[in-house]
Every structure is written in structure tokens, then in C-alpha cells.
Amino acid sequence: MQSIEERFPRPSVMGIVNVTPDSFFDGGVNFDPEAAATSARRMVEEGAAIVDVGGESTRPGSEGVSVEEELRRVAPVLERLGGEVPLSIDTSKAEVARRAVQLGAELVNDVTALRGDHDMAEVVAGSGAYLCLMHMLGEPRTMQHDPRYDDVVSDVVAFLEERLSVATAAGIAEERICVDPGIGFGKTVEHNVELLNRLGEVASLGRPVVVGASRKRFLGRMLGEPAATEGPMPASIAAAVIAVAAGATMVRVHDVRETVEALQS
Ligand code: HH2
């Protein structure tokens with residue numbers, strides 16, 4: 001079995017396909033399974049190493065959806081793409097992850113880092129899938145209400161280290177795991193910038209680092225729009241290039257073609 005760094009060498013691009021009506025950037029665009037499958041195929045043609053399919057928005061303030069609803073959204077997309085497109089499933093629900101792996105997903109991207117569902121670690125361990133452990137402070141509904149840290153980078157690194165121990169203790173091989181500082185998940189603009197500037201400290205955990213800054217509101221807010229709910233493409237591409245230069249292995253993006261071009265130049 002290949003390690004995650006062999007399977008997805010640095011730099012790799014992960015394309016985002018949200019099968020949701022309400023994701024902050026592509027909400028509604030890929031809600032139809034056929035449209036979602038077409039987007040995913042296009043992203044791979046444009047150079048994505050993998051496509052992350054999600055059925056629940058985690059934008060600030062969002063409420064969750066049920067297992068049934070999440071499966072109803074993602075299963076038809078995975079059925080269309082399994083075996084054809086390298087797939088990741090963006091879920092914190094064990095049952096969704098289990099079904100997704102059956103349908104061909106090779107990576108489980110859990111924004112709760114195995115804290116959202118007691119059965120998730122066992123499902124990932126048993127399936128042999130790769131795993132992404134992401135840092136989030138609090139939960140999407142409230143995470144942007146005055147987030148505070150002693151030192152955001154040290155706190156995130158300590159959290160990821162602890163979640164790595166939990167994952168390996170549950171039988172998930174370390175070489176199958178990557179980590180993600182969770183840009184925008186319970187972080188101010190300054191916290192996000194600090195994490196990007198000091199990404200090397202996250203990489204010092206010895207695991208590949210994934211960074212998802214694409215289109216996030218902090219990019220719009222940095223550019224002088226205090227009420228921005230999304231960020232512009234050029235800033236997203238710059239953030240991806242900065243992240244890779246600072247040690248990221250994989251960037252999770254909406255604009256695959258433009259990001260791949262920027263990373264090649
Ligand atoms: N960001 C989002 C969702 N999943 N997974 C990882 N590993 N890293 C991230 O930064 C990350 C993630 C949020 O972005 P998006 O999926 O575009 O929006 P929404 O949650 O509204 O569907």
C-alpha cells in the first residue's frame with residue numbers, strides 16, 4: 001500500500017465539489033449529481049490529483065445535515081465517478097465515509113479530526129483509506145464568534161499531534177494520514193495569516209500538510225472588504241502558492257486550472 005506522500009506527491013491539487021445548496025462559494029452549482037460529476041471530471045483534466053466531494057456545508061454559521069440527507073447528496077455523485085476519478089469524501093460521519101469508500105473514495109477528509117463521530121476512526125482503519133485530520137476550534141455554527149488562542153500555531157500543532165495519536169492508536173497507519181491547520185475554522189484574519197506564515201511548524205509534525213484557503217472570506221476581508229463572505233480568485237491562487245512554498249503538500253481549491261498553472265510557473 002502506497003503512503004499518502006507517494007500517492008499524492010508535493011505539490012498536489014485537490015479540487016472541491018460541494019454537492020450542497022448552501023456552500024459559501026459553490027453552493028447550488030454542483031447540487032445536481034450530473035453537474036457535480038461533470039465538474040469533477042473537468043477538475044481532473046485540469047490537473048487535480050483528487051476531487052473532494054462534500055454533502056454538508058461547514059461555512060461559518062451553518063447547521064449540519066442528517067446522515068440520510070448527506071448520503072442522498074453524495075452517493076449518486078460517487079456512483080458516477082468511482083473508479084474513474086480519484087475521490088476524497090469530505091465528511092465527519094462514519095456511515096457516509098463507509099459508503100463513500102465502498103463507492104471508490106480513497107481519502108476521508110474529516111474536518112472534525114475524528115471527533116464528530118465515535119465510529120469514524122474504526123471505519124477509516126478498517127477501510128484502509130487515507131485520512132485528513134483538520135483543526136477546527138468549536139463547531140461551524142459558532143466557530144467565528146471571537147476565536148482566541150494562546151498562540152494559534154502552537155495550539156493547532158498540539159491539537160493535530162494529539163489527533164494523530166488518537167488515529168494511530170485506533171489502527172490507522174501514520175503513513176496514510178495528512179494534517180490540515182483548518183484555515184477559516186475558528187480563526188480571525190490574523191490567525192489565518194499567522195498559520196500560513198508559520199506553516200513550517202505544522203509540517204514539522206512530519207506528516208503531509210493540506211491547506212484550504214480557496215475563496216475563503218478572510219482573503220476578501222484582508223483586501224479591505226470587512227463584510228466579505230468570500231475571497232477573490234487571485235488572492236486564492238496567491239494563498240495556494242504561498243502555502244506550497246511554505247511547506248504544504250496539497251492545496252484544496254475551487255479554481256483548479258488556475259491554481260495548477262500558478263504552481264507550475
Ligand atoms: N474547508 C472547507 C471544507 N472542508 N477540508 C479541509 N481538509 N480543509 C479545509 O480548509 C476545508 C475542508 C470549507 O470550504 P468549502 O468546502 O468550499 O465550503 P462549505 O463548507 O461551505 O461547503
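Ligands are counted one by one from 1 in listed order, and the atoms in each one are counted from 1 as well.
Residue contact check: His254 has heavy atoms under 4.0 Å from atoms 17 (O) of ligand 1. Of all atoms in ligand 1, numbered sequentially from 1 with element shown, those under 4.0 Å from a heavy atom of Ser23 are 19 (P), 21 (O), 22 (O). Which parts of ligand 1 touch Gly212 is read off a 4.0 Å heavy-atom cut-off, strictly below it: atoms 10 (O). Close contacts between ligand 1 and Thr58 involve ligand atoms 3 (C), 13 (C), 19 (P), 20 (O), 21 (O) [criterion: under 4.0 Å to a heavy atom]. Heavy-atom proximity to Asn18, at under 4.0 Å, picks out these atoms of ligand 1: 15 (P), 16 (O), 17 (O), 18 (O), 22 (O).
Within a 6.0 Å sphere centred on CZ of Arg80, other residues, nucleotides and ligands contribute more than 12 heavy atoms.
The distance between the ring centers of His135 and Phe185 does not fall below 6.0 angstrom.
A side-chain donor-acceptor contact under 3.5 Å links His191 and Thr188. Between Asp22 and Ser57, the side chains place no donor N or O within less than 3.5 Å of an acceptor N or O (distance only, hydrogens not considered). Glu70 and Thr91 form a side-chain donor-acceptor contact under 3.5 Å, judged by distance and modelled atom types alone. If you check the side chains of Asn18 and Asp26, you find a donor sitting under 3.5 Å from an acceptor.
Residue contact annotation: Lys216 has a non-hydrogen atom under 4.0 Å from ligand 1. For Phe25, the heavy-atom gap to ligand 1 stays at 4.0 angstrom or more. Residue Val111 places a heavy atom under 4.0 Å from ligand 1.
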- Task: Applying salt bridge (charged side-chain N to carboxylate O under 4.0 Å, His left out), run through Glu194 and Lys187 and close with a yes or a no.
- Result: CA-CA 10 Å; Glu194 186 82 5; Lys187 280 122 190 154; over 6 Å; no

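Scanning Ile183, Asn109, Val179 for the heavy atom closest to atom 5 (N) of ligand 1 points to Asn109.
Atom 6 (C) of ligand 1 has its closest protein heavy atom at Asp180 OD2, 3.2 Å. Here the heavy atom of the protein found nearest to atom 21 (O) of ligand 1 is Ser57 OG, 2.7 Å.
At distances below 3.5 Å, at least one donor-acceptor pair connects side-chain atoms of Lys216 with backbone N or O atoms of Ile183.
The proximity of Arg252 to ligand 1, defined as any non-hydrogen pair under 4.0 Å, is limited to the side chain. At a heavy-atom cutoff of 4.0 Å, ligand 1 is contacted by both the backbone and the side chain of Arg59. The proximity of Asp90 to ligand 1, defined as any non-hydrogen pair under 4.0 Å, is limited to the side chain.
Tyr130 carries Arg176 over the face of its six-membered ring, with the cationic atom under 6.0 Å from the centre and within 45° of the normal.
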